[in-house]
Amino acid sequence: MDIVKLTLTKVPDLYLEAENVTPDHFAGKTAQQIGELHVHLGNQTAKISDYFSVEGKGGETAADTKIVIAGPTDKVKYIGMKMTAGEIEVQGNTDMYTAAWMAGGKIHVKGNVDSFCAIGMTGGEFIVDGNAKNYLAASYRGDWRGMQGGKVTVKGNAGSDTATFMIGGTIDIGGNVDVHLGTHAEGGKIIIRGNAKGRVGGQMVKGDIFVLGQVERMMPSYILKGEEEVELDGKKQMFQVWIGDMGERHAKRKGEVIYGKIYVPTGAGETAAPAIHTEKRKKLTDKQIEHLKEAFKDQEPTVQQVRTYIYDTFDVDMKPMQVSRLIDGIKR
Amino acid sequence: MSKTVTDVICPFCGTLCDDLVVVTDDEGKKILSVENACAIGAEKFLHSSDHSHRVTRPRKLQEDGSFKEITYEEAIEYTAQMLVNAKKPSMYGWSSTNCESQSVGHEIAELCGALVDNTAAVCHGTTLVAVQNVGIPSCTLGEVKNRADRIIFWGSNPAHGHPRHMSRYSIFPRGYFTGKGQKQRKIIVVDPRCTDTSSLADVHLQVEQGYDYELLQALRAAVRGQELTGDIIAGVPKEKVYEAAEMLKSGRFGVIFFGMGVTQSLGKDHNIDAAIMLTKDLNDYTKFSIIAMRGHYNVTGSGQVLGWQFGFPYSVDLSRGFARYNPGETGTIEVLKRKEIDAMFVLGSDPGAHFPMQCVKEISKLPSVAIDPHITPTTSICKVHVPVAFVGVEVGGNCYRMDNVPIESRKVVEPPEGMLTDQQFLEGVLKRVRELKAN
Ligand code: SF4
C-alpha cells in the first residue's frame with residue numbers, strides 16, 4: 001500500500017473544502033499531481049499544494065492508497081467524501097462532512113469531528129477517537145436515506161440528531177448522545193454506551209437502539225413490551241425492550257407488526273428527574289447592576305453599547321428589549 | 001382636502017391584511033389616518049410618514065464611532081467593492097422588502113458567490129426543513145375562514161403577534177360553511193403559558209415547556225387509538241390527550257397554525273415534522289391542513305423567490321457557483337459563530353437585535369452594509385447604513401402572505417426627496433458589480 005502524507009502548512013483564514021482528498025482521487029498520481037488538485041475556500045479555488053505539503057504518492061488503485069493527514073486540520077471540510085476504498089488517517093481534528101456519503105474503505109480521525117459526518121454513508125468504516133457533533137450518520141437535508149451501511153464508531157460523545165433516517169449499518173457511540181437519536185429510522189443498529197438525552201427513536205418505524213446508560217425520558221409513544229435476553233458484544237444480557245413509535249404506521253411481516261425497538265439494560269430505566277431543557281433566565285445580579293451603573297455613570301449609552309458591555313464583562317447575552325428595560329430601570 | 005386610498009396592504013406581519021383604508025393629504029405626502037389596521041399596522045404607516053426622525057441619506061461609520069453622511073453613489077461603490085472582494089460574503093435579511101428587490105439581490109449574490117439567507121434562519125426555517133423531509137398538506141386562509149371548524153394554535157399567540165388573524169380568518173369570521181362563526185368552531189391552544197389566545201380556547205393543553213415533540217407523537221398515537229405510556233404526557237393528563245384527539249377527528253375541516261413556540265424550542269424541525277405528520281394522519285378521518293404563522297410580512301416571499309431561483313427556500317450557499325443548502329452549516333448564525341464569512345450585507349432585517357451577541361460582535365468586525373429605513377441595532381454596528389423607502393408605504397411590490405398567496409402591495413405616499421428604494425439601490429449595486437467583474 002502506498003502512503004501519501006499531507007501536512008497542513010497554512011491554516012486557512014476561512015474554511016477549506018477538500019472533497020478531493022480521497023484515495024479515489026489520489027490513486028495513480030504523483031505527489032506533484034496530487035498537489036495540483038483543487039481545494040475551495042469560499043468562492044476561490046486553490047490547489048492542495050497551496051495549503052498542504054504533499055509527500056509520497058498514490059497507489060495504483062484507491063484500495064492501495066493510504067492518506068495520512070497531519071497538522072491543524074480543524075477547518076477542513078469534506079475529507080474522504082464519497083470515498084470507495086483505501087484508507088485515510090487524520091491525526092488531528094476535522095470539520096464538517098468528514099466521511100460524508102462514504103461507500104467503502106476506512107477513515108480514522110484521531111481527534112474530534114464536527115457536524116454532518118458520515119451522512120448518507122453506504123459502506124466502509126469510520127472511526128473517531130474524540131467526539132462528533134450533530135447529525136452524525138444522518139441523512140442530507142430532504143433525503144429520506146440516512147446511513148445505509150458500514151460502521152461508525154465514535155469513542156467520545158455524539159451530538160443531537162444522530163442517525164436521522166437511518167436505514168442500515170451500525171453505529172457505536174462510546175459516550176453520551178444528545179436529543180433525537182434515530183429519528184425516522186427504518187433499520188440499522190445503534191449502540192449508545194453512555195446516556196441518551198431523550199427523544200430516543202422518535203418516529204422510528206424499524207431498527208434497534210441499545211442504550212447501555214440511561215434514557216433521560218422515554219417517549220410516551222413507546223410501550224414496554226417486556227424483558228428479553230439479547231447478545232451484545234458477545235455477551236448475553238437481560239434488557240427491557242420498548243417498542244414503538246406508536247405514533248407511526250408500521251409494516252407487517254408474516255402477520256406480525258414490526259416495531260422499532262429500544263433496549264435498556266434491566267434496572268437502568270429512566271433517570272428520576274429529567275433535566276428541564278429550558279435555558280436559564282438571563283438576569284444580572286444586584287452586584288452586576290451596581291457595576292453597570294458605575295460604568296455608565298453620567299452617560300447616555302445606547303442599548304447596543306450596554307448590551308456589548310454586559311456580554312464582555314459578565315458573559316451574559318441579553319436581548320435588546322431586556323437591556324432597554326434594564327436601562328430604564330437604572331435611570332429611575 | 002384629502003385623498004383616500006382603499007384596499008391598501010399592511011406591510012407588517014404575515015397576515016398581510018389587504019383591506020386597509022389610508023387617508024393622505026392631497027399632495028400624497030403625509031398620512032393622516034389609517035383605518036381597519038390593527039394598532040401595530042397603523043403605527044407602521046403613521047410612523048413612516050413622520051419624516052422628522054428619519055435618516056434620508058446613506059451614512060458611513062467613522063473611526064471615532066460617529067456617522068458621516070455620504071451619497072448613494074458612494075454607498076453603492078462601497079457595497080459593490082465589498083461584495084466583489086470578499087471570498088465568502090453573506091447577504092442576509094430579505095424579509096421586509098418586496099419580491100422584485102429580492103430577485104435583484106439574488107442576482108448580485110450569484111455573481112459574487114455569496115450566501116443568501118432570510119430571517120427564516122431565526123424563525124420558521126425549521127419549518128422549511130421539516131417540509132422538505134415530509135411534505136406539507138396546506139390550504140389558504142380563505143379556506144380556513146369558509147370551512148374550518150377545528151382550529152389549533154400551537155406555540156403561537158396571534159392575539160399579540162398577528163392581531164387580525166383571529167378576526168379575519170381563524171376564530172371569529174362567518175364564512176360560507178361556517179355561518180355561525182366562533183360558535184361553530186372548536187379552538188385548541190397548545191402553549192405552556194396562559195395567553196390572550198389561550199383564554200379563547202375550548203381546550204388549552206398546557207404542555208411542559210420543551211416537550212412539544214413528545215405531546216405531538218402522543219397525540220398521533222392517540223388518534224390511532226394506541227396506548228400511551230405514563231399518566232401525564234409532557235405535562236398534560238392522558239385523558240386530555242385522548243379528548244383532544246377525539247375533538248380533532250370529529251371535525252369537518254381542521255387547521256393547525258403553529259408559531260415560533262414550536263419552531264424554535266427544543267427539537268425545532270422535528271416538532272414541525274411531527275405536527276405535519278399529525279395533520280397527515282388526521283386526513284384518514286377528516287380533512288386537515290397546517291399553516292405556519294410567518295412573522296415578517298414578506299418572509300414567505302423570500303422563500304418563494306429563493307425557491308424559484310435556486311431551489312432552496314433559505315440558507316443558500318452560492319459560493320461555489322451552484323446552490324447548496326444545509327441549515328446548520330450555511331445558516332447565517334452558524335457561519336457568523338464559526339467565522340466562516342468575510343463580509344456581511346443586511347437588508348430588511350435586524351440581526352443586531354435578534355442574533356446572539358457573539359454573532360453581533362462578529363458582524364461589527366466585518367466589512368458590512370445595512371439597508372434599512374430605520375436606525376436599528378444593526379445599522380449602528382454596520383460600516384455603512386443605507387436608508388431606503390418603505391416597501392408597502394412609499395413603494396409597491398409583490399409580497400407573499402403566510403399561506404403562500406401573492407399579494408401586490410400599494411404605494412400610498414411619496415418617499416422623502418431623493419431617497420432610493422431597495423430595488424433601485426440594488427440595481428445600482430448590480431450594475432457596479434457587473435462592471436467590476438468584467439475587468
Ligand atoms: S394583523 Fe398584521 S397585517 Fe393585519 S393590520 Fe395587523 S400588523 Fe398589519
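By convention in this document, chain letters (A, B, ...) are assigned in the order of the sequence lines, proteins followed by strands, and residues within each chain are numbered from 1. No experiment lies behind these values; they were computed from the predicted model shown.
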**Asked** Taking atom NZ of B:Lys240 as the centre, does the number of heavy atoms from other residues, nucleotides or ligands within less than 6.0 Å exceed 12?
**Response** yes

Engaged part of [X] at the chain A interface, taking heavy atoms whose separation is under 4.5 Å:
| X | result |
| --- | --- |
| B:Asp284 | side chain |
| B:Gln226 | side chain |
| B:Lys361 | side chain |
| B:Pro327 | both |
| B:Ile341 | backbone |

Taking every non-hydrogen pair under 4.5 Å, which of [options] racks up the most with chain A?
| options | value |
| --- | --- |
| B:Val360, B:Asn326, B:Leu219 | B:Asn326 |
| B:Ala86, B:Gly113, B:Ser319 | B:Ser319 |
| B:Asp273, B:Leu228, B:Val129 | B:Asp273 |

Does any N or O in the side chain of [X] come within less than 3.5 Å of the main-chain N or O of [Y], such that one atom is a donor and the other an acceptor?
| X | Y | result |
| --- | --- | --- |
| A:Asn112 | A:Asn131 | yes |
| B:Asp342 | B:Lys87 | yes |
| B:Lys249 | B:Val223 | yes |
| A:His180 | A:Ala163 | no |
| B:Thr263 | B:Cys123 | yes |

**Request:** Assess whether ring pair (Phe, Tyr, Trp, His ring centres under 6.0 Å) is satisfied between A:Tyr140 and A:Trp101, documenting all intermediate values.
**Result:** CA-CA 9 Å; A:Tyr140 193 57; A:Trp101 298 284; 5.4 Å; yes

[X] and [Y]: side chain donor to acceptor below 3.5 Å:
| X | Y | value |
| --- | --- | --- |
| B:Ser315 | B:Asp117 | yes |
| A:Asp161 | A:Asn134 | no |
| B:Gln217 | A:Tyr222 | no |
| B:His270 | A:Arg199 | no |

**Complete:** If you tally heavy-atom pairs under 4.5 Å between each of A:Met219, A:Arg307, A:Lys77 and chain B, the highest tally belongs to A:Arg307

Segment of [X] engaging chain B (4.5 angstrom heavy-atom cut-off):
| X | result |
| --- | --- |
| A:Thr183 | side chain |
| A:Tyr15 | side chain |
| A:Lys75 | neither |
| A:Asp312 | side chain |

**Fill in**
Among residues 350-358 of chain B, residues within the sub-4.5 Å heavy-atom range of chain A, in order of number, are B:Gly352, B:Ala353, B:Phe355, B:Pro356, B:Met357, B:Gln358

**Asked** Cationic tip of A:Arg141 within the cone over A:Tyr135's six-membered ring, i.e. under 6.0 Å and within 45° of the normal?
**Response** yes

